[in-house]
Amino acid sequence: MSEPSQFQAPVGTHDVLAPESAQWEGLVATFAHYAHLYGFSLVITPVFEDVGVFHRGIGEQSDVARKEMYVFKDRGERLYALRPEGTAPVVRAFVQHQPTTPFKAWYFTPAFRYERPQAGRYRQHHQLGVEVLGTGDPAVDVEVITLAQRFYEALGLTRFRLLINSMGHLECRGAYVELLRSHLEAHAEELCDEHQKTWRTNPLRVLDCKNAACVAVTAKGPMLIDHLCEDCRTHFSAVREGLSRLGVANELNPRLVRGFDYYTRTTFEFVSDALEGAQNAIGGGGRYDGLVEQLGGKPTSGIGFGSGVERLLIAREAEGITTPLLARQLDVFVVDTTHEDVATLLLDRLRAAGLASDRAYDQRSMKAQMKVADKSGARLALLVGPQELAAGEVTIRDLRSADFGQTQQRVSQEDVVSTIVQLLRMK
RNA sequence: GUGGGCGUAGCUCAGUUGGUUAGAGCGCCAGGUUGUGGUCCUGGAGGUCGCGGGUUCGACCCCCGUCGCUCACCCCA
């Protein structure tokens, strides 16, 4: 393999430039707004952690831990992993700092998984999410799920569904897994090739298999939802009832088994019907009542969800939603042909007054600068040439109108900012 | 990890059965208008045809390898 003559973004990663980056900015701002409305505060944790955080967090047997983590040793021989998901690091931080509960945090973070990229799947993708630690109240399950629902609605999404299931708590799930395992054992030869090998170590995964053979086997077998203990059943119906009361439609999907081992009780996934193929999950999450203990803390309930930024943007596009998530507009564009760089001073004053302003550089011709002004999308152009300079004035030009005889005016340099503010207010 | 499709200007793409100096549209720059953008006209810059090797008198075109992009499986956001 030879050295690349030109560098490019690593496989499965991508750069986000304007104008697309405005969508990202708007998306994150919208989420931050909703998180705030629901009483969440921002949490920022490192993008890399001791591998143990993830091994113990998401489970040694999960696909992500087994084969998808970016693991590396630093110069001090410490073994780290780039975060493959957002929950485990937040829980680690919770255990470390022991904040008062309930601890409600939201995050926006890149996540890394070493897998082959395809539509809607990357090696570095980005997630928005929330976590609540310190309460097992089903009202929190409802709150977290509703936050996701309202956020998606705010993005303009309509063609998505909420799938929900209960994984039970550690004991009733453990009992069920044994039940399932013996069922699978009896029908092991009927399973698909993949699960013939793995059903013993990770029996729950078989429930999620789309292969007809596996579906046939599990259809005859026990479903976890039918084997929940009294408490888990009560919790689950409280959650579903709470959602219904808020008008949040939800479908029970007893096969919904999410990829991380830490989930207990409520698990859910939002799928977009606008997205083709397997990459249709726009968000998902659930309760993880044993995770804090797994990471060395006291027994503490927790629940959260994460949502993929790239998936959400693709889903919006697939639904044909064209309204921008962030509409940014430049107020003023300064065209300076004096060769004395009056622009620098003018811009400083405009910006100090809170006006978004830009300029052309390199002392280009007026025509060239006007072209740039036009493309900038600014509403007004500020023209300063030798004439204006001599008179101590500037010309204000409305870039939205065709004839400049009518819509152009000269004002003194002292009045520039106030005149512009007034003009912009009129529009 | 497995398999399919594709790599020609900044972008979207043409390129005849392998045959001279590789094209278009858009974008960019300049001029038409020595103080005025969006339309129009004219001109210009810009390409080791992903990279390496092979076949051939001759390769963008054929063959092999490689890298990358893309789609699917698996799994997930």
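Since this is a predicted model, take the numbers as computed values, not measurements. Below, chain A is the first sequence line, B the second, and so on; all start at residue 1.
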* To do: Assign the ring pair A:Phe305 / A:Phe31 to parallel, tilted or perpendicular, where the plane angle (0 to 90°) is split at 30° and 60°.
  =>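 Plane angle over 60°, so perpendicular.
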* To do: Look at the aromatic rings of A:Tyr262 and A:Tyr288 and report parallel, tilted or perpendicular, splitting at 30° and 60°.
  =>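 It falls in the perpendicular class, over 60°.
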Compare the minimum distances between each of [options] and the side chain of [X], then state the nucleotide with the smallest one.
X        : options             : result
A:Asp374 : B:C71, B:G38, B:A77 : B:G38
A:Ala281 : B:A77, B:C69, B:G37 : B:A77
A:Met366 : B:G37, B:G68, B:U36 : B:U36
A:Arg311 : B:A77, B:G37, B:A72 : B:A77
A:Leu399 : B:A77, B:G37, B:C75 : B:G37
A:Val11  : B:C69, B:G37, B:U36 : B:C69
A:Gln127 : B:C29, B:U36, B:A77 : B:A77

What interatomic distance, in whole Å, is found between [atom1] of [M] and the corresponding atom of [N]?
N     : M     : atom1 : result
B:U17 : B:C61 : P     : 15 Å
B:A59 : B:U20 : P     : 12 Å
B:G54 : B:U42 : P     : 46 Å
B:G46 : B:G3  : C1'   : 39 Å
B:G43 : B:G50 : P     : 30 Å
B:U33 : B:C69 : C1'   : 46 Å
B:C49 : B:C60 : C1'   : 5 Å
B:G52 : B:G68 : C1'   : 15 Å

With a non-hydrogen cut-off below 4.0 angstrom, is [X] in contact with a base, only sugar-phosphate, or nothing?
X        : answer
A:Arg123 : nothing
A:Val309 : nothing
A:Glu269 : nothing
A:Ile282 : sugar-phosphate

Have [X] and [Y] got a donor and an acceptor in their side chains that come within less than 3.5 Å?
X        : Y        : answer
A:Thr395 : A:Gln408 : no
A:Ser166 : A:Arg287 : no
A:Asp358 : A:Ser376 : no

Given [N], is OP1 or OP2 found less than 4.0 Å from the side-chain N or O atoms of [X]?
X        : N     : result
A:Gln118 : B:C73 : yes
A:Arg205 : B:C74 : no
A:Arg400 : B:G38 : no

* If each of A:Gly306 and A:Tyr114 is mapped to the nucleotide of RNA chain B with the nearest heavy atom, which maps nearer the 5' terminus, i.e. the 5' end? ->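 Mapping each residue to its closest nucleotide by heavy atoms, the 5'-most match is A:Tyr114.
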Test for a donor-acceptor pair under 3.5 Å between the base of [N] and the side chain of [X], counting only N and O atoms.
X        : N     : value
A:Gln408 : B:U36 : yes
A:Gln279 : B:A72 : no
A:Gln8   : B:C67 : no
A:Lys367 : B:G32 : yes

* Determine, answering yes or no, if A:His126 is stacked on B:A77 under the 5.5 Å centre rule and the 30° plane rule. =>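 No, A:His126 does not stack on the base of B:A77.
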* To do: Keeping the roles fixed (side chain from A:Asn165, backbone from A:Pro254), state whether a donor-acceptor pair exists under 3.5 Å.
  =>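 Yes; judged by distance alone, with no hydrogens or angles, the pair exists.
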* To do: Verify the neighbour count for atom CD of A:Glu178: are there more than 12 heavy atoms of other residues, nucleotides or ligands below 6.0 Å?
  =>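 Yes, the 6.0 Å shell around CD holds more than 12 heavy atoms from other groups.
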